[in-house]
Number of protein chains: 2
Amino acid sequence: MVSTIPTKVSFKAQMLLAREDAIIQSVNRLLAEKGFEAMTVDEVAADVGIAKASLYKHFPSKEDLAAAAMVSVMRRAQAFLNALPAEASAMDKLRSVVTWTMGLKLAGEMPSLPSQNSSLRITLMGNTDYMDGLMDVSDRLGAWIEAAQTQGAINPKLPPIAVLYTLYARACDPVLEFLKMGELYSNDEIIALVLSTCFEGLETR
Amino acid sequence: MVSTIPTKVSFKAQMLLAREDAIIQSVNRLLAEKGFEAMTVDEVAADVGIAKASLYKHFPSKEDLAAAAMVSVMRRAQAFLNALPAEASAMDKLRSVVTWTMGLKLAGEMPSLPSQNSSLRITLMGNTDYMDGLMDVSDRLGAWIEAAQTQGAINPKLPPIAVLYTLYARACDPVLEFLKMGELYSNDEIIALVLSTCFEGLETR
DNA sequence: GTCTATAGTTAGATAGAC
DNA sequence: GTCTATCTAACTATAGAC
């Protein structure tokens, strides 16, 4: 039994995962484009190229679709953190992470969820994959923040939690899209500008 | 005719304005609480204490309700700008304005609109009261920004438009609500923290 | 698991009496 | 201008055949 069935099971499982990946990719893009409320399940189904009922066989609700997209982004973030050079300073790592998240946002790959929606919050906080990823990322960023403060790179008077929130907020900063709409600056220039205001502030140094 | 009718007309007009003020106040609060998509017209009607159909006699659509709330906030902003001491430096004025907008947000009086919703954008941009107010406020802030840059207070390398967007963005900064949810800091402390990260940045000076 | 078809609900907007 | 009652459209979710 072990010798005959595995390949077939594995193949089917692979197809299933591939389809779910396609779904998540569509959800991710649509969430970045229009946000959670404006995205409809019909759109997702049409974008993936399957029927809506089939979609509900994979994910039990619209909220779970969004959660899956967030888990996906969280995994990408973890992979990015893992790939950072170990010899870099805590400050450099933090700057790299923020640069990466802003790039994701400008590329239209950062899903945007309303922080108010309660049913979505409940689904997200009940999703252990998402919560574990969030905790892991927060812990690692938190450690770098405290290290940077000890080294005198980040203002030690700021509570680490406030710094963490400030960094997270750059991933959904409306300044990015406003500057992009103006069409005066390239994506790299926009990232450089916002990175500068974030770490160095508006005041002259 | 001129001597007999005016008082009655004026009285009716006054009642109408009072009712519309009450509507706008409800809309403003609900928009701050739940955002545009989550706010329903039924809720607004119930909150004001009138029938939904009556609401539609005053404002032709949900989008126009939100626009009226934005015009109201814009007027308050203009009044705040007018009341700033003329002898204050450009930099002090900018800090005061940002402090004020963050206070409004923390007090639950800052309506939050999705920057993606297109029908809302169209209504807003077709509303001359709103657009005139926005232009006026932007012009005055813009002048202060350039003055502060000339005086060396604000980093002159930053494009004024990027500085303006950055200041506007503080009015809807999720860091404010995150820190408020944590219940570790008072509203004044939160404002001081975000004001510091905004103007002085995260890096040690 | 995928489909078509539809149930069930909500919310924006309107009709028509007063 | 205000009301009750209703329309219409859109959307989430599911039933049931294959």
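Side-chain atoms are counted along with the backbone in the values below, which use heavy atoms only and exclude waters and symmetry mates. Here is the naming used below: chain letters follow the sequence lines, and residue numbers restart at 1 for every chain.
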Next on the checklist: Quiz question: by atom type and distance under 3.5 Å, do the side chains of A/N117 and A/S119 form a donor-acceptor pair?
Outcome noted: yes

Item to check | Touch class at under 4.0 angstrom, heavy-atom based, for A/M39 against every strand present | outcome: sugar-phosphate

Checklist entry - Which part of the nucleic acid, if any, lies within contact of A/K62, taking any heavy atom under 4.0 Å across all strands shown: a base, the sugar-phosphate backbone alone, or nothing? => result sugar-phosphate

Checklist entry - So, is A/S54 near the phosphate of C/dC3, with a side-chain N or O under 4.0 Å from OP1 or OP2? => result yes

Checklist entry - Phosphate oxygens OP1/OP2 of D/dC11: is one of them under 4.0 Å from a side-chain N or O of A/T40? => result no

May I have the distance from [X] (atom [atom1]) to [N] (atom [atom2]), rounded to whole angstrom?
X      : N      : atom1 : atom2 : result
A/L55  : D/dT14 : CG    : P     : 12 Å
A/I50  : D/dA13 : CD1   : C1'   : 15 Å
A/Q14  : C/dG1  : CD    : C1'   : 18 Å
A/D42  : D/dT12 : CG    : P     : 6 Å
B/L120 : C/dG12 : CG    : P     : 13 Å
B/M15  : D/dT2  : CE    : P     : 9 Å
B/H58  : C/dG12 : NE2   : C1'   : 18 Å
B/L65  : C/dA11 : CG    : P     : 15 Å

Checklist entry - Is the NZ or CZ atom of B/K62 positioned over B/F36's six-membered ring, under 6.0 angstrom from the centre and within 45° of the axis? => result yes

Checklist entry - Looking at B/E200 and A/K157, does any basic side-chain N land under 4.0 Å from a carboxylate oxygen? => result no

Checklist entry - Ion pair present between B/E203 and A/R95, side-chain N to carboxylate O less than 4.0 angstrom? => result yes

Looking at [options], which one has an atom nearest to any side-chain atom of [X]?
X     : options               : answer
A/E63 : D/dC3, D/dA13, C/dT4  : D/dA13
A/Y56 : D/dT2, D/dT4, D/dT14  : D/dT14
B/R19 : D/dT4, D/dC11, D/dT2  : D/dT2
B/K52 : C/dT2, D/dT12, C/dG12 : C/dG12
B/L16 : D/dT2, C/dG1, D/dG1   : D/dG1
B/K57 : D/dT2, C/dA15, C/dA11 : D/dT2

Checklist entry - Near B/Q78 CD, under 6.0 Å, is it more than 12 heavy atoms from other residues, nucleotides or ligands? => result yes

Checklist entry - So which one's nearest nucleotide on DNA chain D is more toward 5', A/F36 or A/A53? => result A/F36

